[in-house]
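What follows is a set of notes on a single structure, which appears directly below.
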Amino acid sequence: MHDLAIIAGSGHERLAADVSRIVGVPCVPVEHERFPDGELGVRLLEPVLGRCAVIIQPTGPPVDEHLVELLALADACRRAAAGRVVAVVPYFGYARGDRRAGSGGPIMASLVAGLLQAAGVDQLVTVDLHAPQIEGFFEIPVDDLAAIPLVLPEIRESLPADVVVVSPDLGRLELATAVADQLGGTTAVVHKRRISGRQSRTLQVVGEVAGRACLIVDDMISTGGTIAGAVAALLKAGAQPGITVVATHGLFLPGAAELLATPAIKRIWVTDTLPQQMGEAPRRSVVTIAPLLARALERLRTAG
Ligand code: R5P
């Protein structure tokens with residue numbers, strides 16, 4: 001049995017506290033300081049010598065700040081002679097930078113992988129990585145946990161047997177097919193073209209959706225543009241209004257809630273890989289991934 005030391009980054013302290021409660025290991029107290037020039041200081045207030053240090057930190061907005069904090073915590077654990085440093089990054093910022101956008105550009109996900117390893121991370125635990133090939137940027141073990149199966153039991157009863165599971169772009173077709181297999185439905189895909197980080201253009205729906213109830217599945221909702229475009233395309237193709245949306249990561253950038261506040265969407269389900277502000281979100285439900293992460297930590301604890 002390994003002695004776990006759970007360290008909560010500021011990216012999602014509530015999730016870290018929930019995981020720590022389930023696992024029965026209190027979080028290591030950490031001192032944070034912001035210097036007048038904006039530089040970050042962190043200090044572990046408890047020894048982690050020889051322990052399996054588990055840092056829980058999604059790198060959601062502000063992405064760079066949360067990433068630097070994660071690097072600082074990993075470096076602190078390594079210098080404090082932790083036996084092993086595990087980064088639990090439920091939402092992996094820069095995952096959409098899994099390839100060069102064009103000549104002259106970086107591959108950000110590869111850069112982040114290199115930074116984490118340079119900081120001393122020995123293993124990464126993440127959830128529904130935007131692109132599975134990101135694992136190939138790492139030399140260390142990567143555990144990519146699947147969150148959508150946690151949501152399906154919650155929504156199954158509200159969906160008709162002939163539901164169409166819709167991928168809002170080509171990237172999620174495999175996921176949509178797997179979900180359709182589980183629900184016993186069929187699949188459709190929306191042909192989307194990304195114009196910029198903020199803008200995408202929905203071209204057409206491929207698949208039979210006329211008169212049918214639809215469930216859209218995606219890995220993340222950021223500006224909400226992809227989902228809004230998919231909903232509009234589905235309605236134009238004759239799908240039933242009252243569409244259900246499931247996504248693992250709810251970033252909900254400013255403007256997204258308004259964009260998605262259409263009666264055509266019955267409910268949006270996300271998980272808490274990122275903190276969720278529920279006050280302003282009617283027709284939104286959140287499923288916690290704390291038990292999923294806790295199971296991953298138990299595996300770390302018992303691994304030989
Ligand atoms: C794209 O490849 C992703 O899977 C999501 O569909 C996309 O990142 C969502 O972003 P937004 O909400 O800004 O359209």
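All values derive from a computational prediction rather than experimental measurement. All ligand and atom numbering here is 1-based and tracks the order in the structure.
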- Item | From CA spacing to verdict: side chain to side chain donor-acceptor pair (under 3.5 Å), R212, T186 | CA-CA 10 Å; R212 309 271 295 276; T186 55; 3.0 Å; yes
- Which of the atoms in ligand 1, numbered in the order shown and given with their element, are less than 4.0 Å from a heavy-atom of I221? 12 (O)
- Per-atom filter on ligand 1: closer than 4.0 angstrom to a heavy atom of D169 are 1 (C), 2 (O), 4 (O), 6 (O)
- Item | T226 neighbourhood, listing ligand 1 atoms whose heavy-atom distance to it stays under 4.0 Å | 6 (O), 7 (C), 9 (C), 10 (O), 11 (P), 14 (O)
- Message: For atom 5 (C) of ligand 1, what is the closest protein heavy atom, and at what distance to 0.1 Å?
- Response: D218 OD2, 3.3 Å
- Query: Is it true that R267 and E154 have a side-chain N and a carboxylate O under 4.0 angstrom from each other?
  - Reply: no
- Nearest protein heavy atom with distance in Å, relative to atom 8 (O) of ligand 1: R96 NH1, 2.7 Å
- Message: Using the rule given for side chain to side chain donor-acceptor pair (under 3.5 Å), can you reason through S10 versus E69, listing the C-alpha separation, both sets of side-chain angles and the distance that settles it, and then say yes or no?
- Response: CA-CA 8 Å; S10 64; E69 185 189 340; 2.5 Å; yes
- Give the atoms of ligand 1, by number and element, whose distance to some non-hydrogen atom of D219 is under 4.0 Å. 3 (C), 4 (O), 5 (C)
- Note on the structure: among protein heavy atoms, the one nearest atom 9 (C) of ligand 1 is M220 O, 3.4 Å
- Does G224 reach ligand 1 with a nitrogen or oxygen that is under 3.5 Å from one of the ligand's nitrogen or oxygen atoms? yes
- Say whether I140 and V125 are linked into one hydrophobic cluster, either directly or through other cluster members, by side-chain heavy-atom distances under 4.5 angstrom. no
- Item | Basic-acidic side-chain contact under 4.0 Å: E298, R301 | yes
- Task: Please identify which atoms of ligand 1 are closer than 4.0 Å to at least one heavy atom of G225.
- Result: 12 (O), 14 (O)
- Ranked by distance from atom 13 (O) of ligand 1, the top protein heavy atom is T223 OG1, 2.6 Å
- Note on the structure: A student checking ligand 1 against H130 at a 4.0 Å heavy-atom cut-off should list atoms 1 (C), 2 (O), 3 (C), 4 (O)
- Task: Using a 4.0 Å heavy-atom threshold (strictly under), name the region of R172 that reaches ligand 1: side chain, backbone, both or neither.
- Result: side chain
